[in-house]
Amino acid sequence: METADMHRIRNIGIAAHIDAGKTTLSEAMLFLSGKKHRFGEVDEGQATLDWMPQERERGITITAAATTLPWKGHTVNLIDTPGHVDFTAEVERALRVVDGMIALFCAVGGVEAQSETVWRQAERYGVPRIAFVNKMDRVGADFVGVVEEMRRDLGANPVPIVLPMGAEDEFCGLIDLLTLEAILLGEGENGGEPPRLPIPQEFQREAQAARERLVEAVAEADDLFLERYLSGEVSEAELRRALRRATLAGKIVPVLAGSAAKLKGVRRLLDAVVDFLPSPVDLPAVRGSWEGQPLERLPSPEAPLSALIFKIQADRHVGKVYFVRVYSGVLRAGNPVLNAGRGTVQRVGRLFQVHANERLPVEELRAGEVGALVGLDEAHTGDTLCAPDAPILLEAMDFPSPVLDLAISPVRKTDADRLSRALAALVAEDPTLSLRADPETGELVVSGMGELHLEIVVDRLRREFGVEVTSGAPQVAYRETPLRAGNFEHKLVKQTGGRGQYAHILFRVEPAAPGTGLEFESRVVGGRIPKEYIPAVRKGLVEAMAEGPLGFPVVDLKFLLLDGSYHEVDSSEQAFRTCAAQALREALRRLGTLLLEPVMHLEVTVPEEHVGAVVGDLSARRGKLLGLESKGSLAVVVGRAPLAELFGYATALRSLTSGRGSFTMRFEHYERVPESLVPKVAKRAPVYSG
């Protein structure tokens, strides 16, 4: 690919609430672009991008799938993301590497809970967006209502660039507000470009008013266009260019409409992707750092290599497959690369372009491209690959903490090693999964984002890795954090005939900010502890944090290594690792720990007459009401409650609302467990509060 061709690349993601039609839209785009010759129905388990057996059986997307499709001389690299809250990490890493996003909304459901989540994720990464209001042929479709919800609930500046002609079973076409033409949409819309005709009389006044609103919105967002607008008439080409600038700047969100399942409006959406979403060269230089100094890399094949591993997939035939976005330079098969975060130089094996679970071998991936590679010795999600002689560390990704634990054991004891390897592979794939061993029972405990998440893990163990397992009921993933700060000293001295063990550390433990995990800092000077032993201290801390005094993993802890001493003969990495683990366990026992529980954000949609019962039930579950909203004839109860109180909530809600209520929930934060409940939860002694 020549450098000039980078202007014709679009790296985009599709994100939305579950059941808004993301995968159906992706399938329609593949079909209309000629990439596939049959339009696969998601509900029938025929979707190309839902390639996992679990996805096809459930009719949902579980893992983000990447593909490439051509459109009018452009190359569109597309990532289809899940809508279920349990798999929000898949959305997070997709939005980290795409340049633009299609935000999908159901014409009936409008802005739903997960719609807001993915919108905020896109805002965090500064991703330009266009919106597509899907399912315009459904009963209750309301295009104008969805646009207003985007403005009100998301704080966006949505500007329609099309108007639907009719709705529900009378949805027959679109009015293009840029060209002021009517686009007639027949069933299928697959026989080439649909006809463009003059706007029917009954839509002319509405179309003219919408066109004026579009021009005014663009003028407000783009100073260059404003000058032209105030001086007289503006051309369609000028309006397009200004709309593109405003979209790339995040000041406007162009809104389109259609029905992906009927292939209606999808061509117009693909046109908008190439017209208004950015190419890699439209974006600023990617930012990173090295040894504390900020660095930038221009999006050019001539610049030094920088690439980000955003996803890992376990493959029983080739091992780990690493999905990468190349930001600058050229990634070539067989060349050495530096893993900047781990300080290791590794050699790239084979490179691929990706289409769902199919991989097409290529010799190189150039700046702006998304692909996959195999052959690295060891790498993790969020790692930076760069040129060894031009190191740079790109910003990694943040993922939410797991909230549910599941104890798993093999049916056959001979499968214990296979189970450990399989779980390690799944944890390497998914940064929202974690794995630890329960020291009391010997069982492996997997922590995940929800019941469906863990259910999929168990199913994959059986199908993909051939390991039959038994599992208990999911349990809330409680955590511990230090109650207060304190200074300590610990010495390990062992003499066993031969070489002994000696390690000595002085340190301070403090509570850290929520979400920190472990914050480690060494203030040792003058070689009091050799530099090669410092990483061993950190490893010992990680080992000790696996289980605190109450029996749960420890989080949000700051450890300051202040001083210490060593022995020329008896000191070793293992000695300092053991010393640090012992020291932290004793420090936490003396300081005491707070027990933390996951708290969930809850949105319950019910008929008005059931609001009182739902609010009362929420209060009984230690919940807090955050607000009440109206949505047509329904009410939305917004609140938060501890996850421990929400097991079986679906059944309870059906009972309270005669089967007419629905809800969504997502992890919000960890919060202190009330003192009165700690003894019921803690596996060991109650919280030390002296």
Side-chain angles (χ1 to χ4, degrees), residues 16-20 83-86 88 105-120 135 138-142 144-155 403-404 449-452 473-476 478 596-678 680-681:
H17 188 83
I18 191 169
D19 286 337
H84 197 287
V85 66
D86 281 16
T88 188
F105 300 93
C106 173
V108 181
V111 175
E112 299 172 275
Q114 192 67 0
S115 308
E116 292 191 44
T117 301
V118 299
W119 191 269
R120 305 299 175 216
K135 304 185 181 182
R138 287 268 303 274
V139 175
D142 182 3
V144 174
V146 174
V147 173
E148 285 308 308
E149 283 186 34
M150 289 177 63
R151 193 182 314 278
R152 183 186 71 237
D153 298 344
L154 302 177
V403 296
L404 276 186
M449 295 303 300
E451 293 182 74
L452 178 60
Q475 303 292 323
V476 175
Y478 292 99
L596 306 175
E597 64 180 345
V599 174
M600 312 301 285
H601 179 91
L602 197 65
E603 293 191 11
V604 189
T605 304
V606 295
E608 293 276 359
E609 62 266 27
H610 296 299
V611 168
V614 169
V615 171
D617 180 68
L618 180 66
S619 178
R621 295 173 184 272
R622 293 195 284 131
K624 181 178 180 181
L625 179 66
L626 300 178
L628 284 171
E629 302 171 4
S630 292
K631 206 164 195 177
S633 61
L634 300 174
V636 180
V637 179
V638 182
R640 66 167 67 103
L643 177 61
E645 304 291 344
L646 294 175
F647 283 99
Y649 187 66
T651 303
L653 183 63
R654 279 196 297 270
S655 176
L656 286 170
T657 63
S658 303
R660 299 169 66 194
S662 63
F663 77 99
T664 60
M665 66 176 179
R666 57 178 168 79
F667 170 71
E668 191 171 270
H669 61 269
Y670 268 92
E671 197 171 275
R672 182 177 181 176
V673 175
E675 201 73 34
S676 60
L677 297 180
V678 170
K680 298 178 183 178
V681 175

Measure the shortest side-chain to side-chain distance between [X] and [Y] over non-hydrogen atoms and say whether it is less than 4.5 angstrom.
X: L625; Y: S619; result: no
X: V681; Y: E597; result: no
X: L634; Y: V606; result: no
X: F105; Y: V147; result: no
X: V614; Y: L618; result: no
X: Y649; Y: R621; result: yes
X: L653; Y: V604; result: yes
X: V637; Y: L628; result: yes

Rounded distance [0.5 Å steps], [atom1] in [X] versus [atom2] in [Y]:
X: L646; Y: L602; atom1: CG; atom2: CG; result: 6.0 Å
X: M150; Y: W119; atom1: CE; atom2: CH2; result: 4.0 Å
X: L643; Y: Y478; atom1: CG; atom2: OH; result: 8.0 Å
X: R151; Y: D153; atom1: CZ; atom2: CG; result: 12.0 Å

Partners of [X] by side-chain contact (heavy atoms from CB on, under 4.5 Å), sequence neighbours excluded?
X: V599; value: R640, H669, E671
X: E609; value: P607, R660
X: V636; value: E603, T605, E629, K631, V638
X: L656; value: A613, D617

Looking at every non-hydrogen atom in both residues, tell me the closest pair between [X] and [Y] and how far apart they are.
X: V146; Y: C106; result: CG2-O, 3.8 Å
X: S115; Y: G110; result: OG-O, 4.1 Å
X: V476; Y: A644; result: CG2-CA, 3.6 Å
X: V111; Y: L154; result: CG1-CD2, 3.9 Å
X: L404; Y: P474; result: CD1-CB, 4.0 Å
X: A641; Y: G623; result: CB-CA, 3.8 Å

### Query
Partners of R138 by side-chain hydrogen bond (donor to acceptor under 3.5 Å, both in side chains), sequence neighbours excluded?
none
### Query
Is there any ring pair (Phe, Tyr, Trp, His ring centres under 6.0 Å) pair reaching into residues 607-631, and which pairs are they, with sequence neighbours excluded?
none
### Message
Determine whether a donor-acceptor pair (N or O, by modelled atom type, separation under 3.5 Å) exists between the side chain of E668 and the backbone of R666.
### Response
no
